[in-house]
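Values in this document were obtained by computation on a predicted structure and should not be read as measured data. Heads up: numbering here begins at 1 and tracks the sequence.
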Amino acid sequence: MKFDLLTHNKGCRRLLLIFSGWSTSGGFYSNVSRDGWDVGVITDYSDMSLDIGFLDEYDTIWVFAWSLGVKMAAVSLPSEKITAAFAVNGTLNPVDDNEGIPVGIYNGTADNLDIRNLKKFQLRMSGSKDVFDGCFNNDYTDEDISALKRELYLIRDTDRKSDPLPWRRAFIGKNDRIFPYDNMMRSWSDSGVEVTELIAPHYIDISDIVNMVVPDTEHIARRFAGSGDTYLDNALAQRAIAQKLAALLKRYARDKGGKALEIGAGKGLFTKEYMEILSPQCIDFVDLIKLDEFGLAASEKYFQTDAEKFIADAGDNAYDYVLSSSAVQWFADLNRFIINSARILSNDGILCFSTFVKGNLKELDTFRPSPLYYFSVDNIKKMIPESFEDIEVVEDTIELKFDTPRELLMHLKLTGVGGFAPSSGLSPFRLRNMKSLTFRPVYVLARKKTVNTVSKS
């Protein structure tokens, strides 16, 4: 196997890693991009050797595996290095009568592969002549065909144990003529992995999948900035969440003063609540949008930047509080945020944030190709390291009622809720009788353990 870096930004610590579909080269994925991420691709499945040293260059790695690349990702990558993984029209058992390509069809494709049959295969997976002409008009030599044959046999015959990668979602094309739809559904439905069905053939542009699931921080910022004048009057759920989070925080507070870091302060709903409880002398505000100055603390600094990177670069023991309400659901790596929070908090410092869990805005899920991924409460509990104590994780449900679907849609617009997820399919006609939104917040509080140091004389 071969790794190629398609896009590189100096100092970048995030990687979108593509495991290519069979018979495609690295250049096939040159349109994949996301601000703040490097993009790399694995190709050439003619042998099982892969130098995974490049993984050490990154803190956050999201894997996108297409077709036969799903199995190759599973047998090649160490799970502890991967933040999230997405399967696209493939399964972990790709040569299987019940969960993959039927054995007879797979073997027949490999045994009878020639240039003519390869073109027929690529036309079948394209779904249309136009897509085939635009994407698969390569010229192949007999040597290329021999190499592709070897790949098919190796993928079929490898018995290397699969590592349980953190698969978040499997995308399944209803019109797939390579992997039978029923086989893919059977394979993933019993795995606990979320399944998203798409009206698509076997070939799905990986850039479309990336755009669905990787938070676009610029777009998120534009949406929230655009709702700035209307947010406070309409953010009913967010206000209730800020008040509940502050009420829980009140039980944790021991002293007043100190230095706080707040992530995603926005219009200050949570800021005003915790100021009465903590009264920090210094506050660093980090947000994607430019904030109005609050003037609540003696010293306030404002940073319009990516909060995950800001926290990763912050010094050890720099803050007495790390605070955030209804913001970290956009993070690419929630687990690393919690770990970094432990590092930058002082002894006895408090981590206090809210996010959302599975079932949040569930009413909209069927209208969007790929809703934002939400962790379960158990997932979040497992992320909290042993360096914390007095841990509290509290679930909640807030339901907003509306008189009409149009009023519901207006609420989404006026608050910026919905973030980056595609919403072009939302309309009063399609929503029909939908007149409620369910928010599923979770509140997380933890205190950093005091580490006693003994000086040597």
Side-chain angles (χ1 to χ4, degrees), residues 14 16-17 58-65 73-74 77-87 92 162-171 188-196 212-215 241 244-245 248 263-264 307-308 311-312 322-343 345 350-362 364-365 368 370-398 419-421 438-448:
R14 297 176 186 163
L16 303 177
L17 180 60
Y58 300 95
D59 297 326
T60 301
I61 301 170
W62 283 29
V63 172
F64 295 83
L77 297 174
S79 60
E80 68 273 10
K81 293 283 189 180
I82 307 305
T83 308
F86 301 85
L92 299 173
S162 296
D163 210 357
L165 297 182
W167 298 103
R168 287 192 180 177
R169 186 170 290 130
F171 292 89
W188 290 109
S189 294
D190 295 334
S191 67
V193 175
E194 291 184 7
V195 172
T196 296
M212 286 182 192
V213 301
V214 182
I241 291 168
K244 177 72 172 284
L245 186 61
L248 293 169
I263 298 157
E308 287 183 274
I311 296 166
V322 174
L323 310 164
S324 181
S325 182
S326 303
V328 301
Q329 66 270 18
W330 304 114
F331 281 6
D333 197 339
L334 180 63
N335 186 43
R336 186 160 295 279
F337 157 68
I338 295 173
I339 292 171
N340 275 328
S341 294
R343 178 182 57 79
L345 278 169
I350 295 173
L351 171 64
C352 172
F353 71 91
S354 70
T355 183
F356 297 92
V357 294
K358 290 183 184 297
N360 190 60
L361 298 178
K362 61 184 179 181
L364 303 180
D365 286 356
R368 298 180 293 181
S370 180
L372 187 66
Y373 181 85
Y374 297 106
F375 292 103
S376 68
V377 170
D378 286 341
N379 291 149
I380 294 173
K381 287 179 179 178
K382 291 175 183 177
M383 294 179 188
I384 303 174
E386 293 183 356
S387 52
F388 283 112
E389 60 185 358
D390 298 338
I391 298 165
E392 191 165 0
V393 181
V394 179
E395 298 179 70
D396 196 7
T397 299
I398 300 171
F420 79 99
T438 303
F439 292 80
R440 294 282 290 115
V442 60
Y443 311 95
V444 180
L445 295 98
R447 188 185 307 280
K448 183 175 177 179

(Q) Show, in sequence, the C-alpha distance, side-chain angles and deciding distance for Asp378 and Ile380, and conclude whether the side-chain contact (heavy atoms from CB on, under 4.5 Å) test is met. (A) CA-CA 5 Å; Asp378 286 341; Ile380 294 173; over 6 Å; no
**Q.** Rounded distance [0.5 Å steps], CZ in Arg14 versus OG1 in Thr83
**A.** 10.0 Å
Q) What distance do Leu17 atom CG and Leu77 atom CG have between them, rounded to the nearest 0.5 Å? A) 6.0 Å
**Q.** Exam field: side chain Lys358 to backbone Tyr374, donor-acceptor pair closer than 3.5 Å
**A.** yes
Q) Sequence neighbours excluded, which residues qualify as side-chain contact (heavy atoms from CB on, under 4.5 Å) partners of Asp59? A) Arg13, Arg336
Q) Are Ile384 and Leu351 close enough that some pair of their side-chain heavy atoms sits under 4.5 Å apart? A) no
Q. Checking Glu308 side chain against Asp333 main chain: does a donor-acceptor pair fall under 3.5 Å?
A. yes
Q | Gap between atom CZ of Phe331 and atom OG1 of Thr60 - 0.5 Å precision | A | 11.0 Å
Q: Check whether any side-chain N or O of Arg343 sits under 3.5 Å from a backbone N or O of Ala312 as a donor-acceptor pair, and report yes or no.
A: yes
Q) In a check of side-chain contact (heavy atoms from CB on, under 4.5 Å) between Val442 and each of Val357, Asp396, Ile241, which one passes? A) Val357
Q.
Could you check whether Phe337 and Phe353 have their ring centres less than 6.0 Å apart?
A. yes
Q. If you take all heavy atoms of Ile391 and Ala446, which pair is closest and at what distance?
A. CG1-CB, 4.0 Å
Q: Say whether, by atom type as modelled, one donor and one acceptor occur between the side chain of Ser354 and the main chain of Ser326 under 3.5 angstrom.
A: yes
Q. Hey, which of Trp167, Trp62, Tyr373 is the one that makes ring-ring contact (aromatic ring centres under 6.0 Å, His included) with Phe86?
A. Trp62
Q: For Asn379 and Asn335, run side-chain contact (heavy atoms from CB on, under 4.5 Å): C-alpha distance rounded to whole Å, both residues' side-chain angles, the deciding distance at 0.1 Å, then the answer.
A: CA-CA 9 Å; Asn379 291 149; Asn335 186 43; over 6 Å; no
Q.
Per the salt bridge (Lys or Arg N to Asp or Glu O under 4.0 Å) rule, what does the pair list look like for residues 382-393, sequence neighbours excluded?
A. Arg251-Glu392, Arg254-Asp390, Asp390-Arg447
**Q.** Heavy-atom donor-acceptor pair, Lys448 side chain to Ala342 backbone, under 3.5 Å
**A.** yes
**Q.** Sidechain-backbone polar pair: Ser79 side chain, Leu165 backbone, donor-acceptor under 3.5 Å
**A.** no
(Q) Return the CG to SG distance between Leu245 and Cys352, rounded to the nearest 0.5 Å. (A) 3.5 Å
Q: Test side-chain contact (heavy atoms from CB on, under 4.5 Å) on Val328 and Leu334 and set out the steps.
A: CA-CA 7 Å; Val328 301; Leu334 180 63; 3.9 Å; yes
Q.
Run the side-chain contact (heavy atoms from CB on, under 4.5 Å) test on Leu92 and Trp188 for me, step by step, so that the C-alpha distance in whole Å, both residues' side-chain angles and the decisive distance to 0.1 Å come before the verdict.
A. CA-CA 9 Å; Leu92 299 173; Trp188 290 109; 4.2 Å; yes
Q | Backbone of Ala87 reached by a side-chain donor or acceptor of Arg168 within 3.5 Å | A | no
Q: Calculate, to the nearest 0.5 Å, the distance between atoms CZ and OG1 belonging to Arg440 and Thr397 respectively.
A: 4.0 Å
Q: Please round to the nearest 0.5 Å and tell me the distance separating atom CZ of Phe375 and atom OG1 of Thr355.
A: 8.5 Å
Q. Who passes side chain to side chain donor-acceptor pair (under 3.5 Å) against Lys81, sequence neighbours left out?
A. Asp56
Q.
When you compare the side chain of Ile263 with that of Val322, does any pair of heavy atoms fall below 4.5 Å?
A. yes
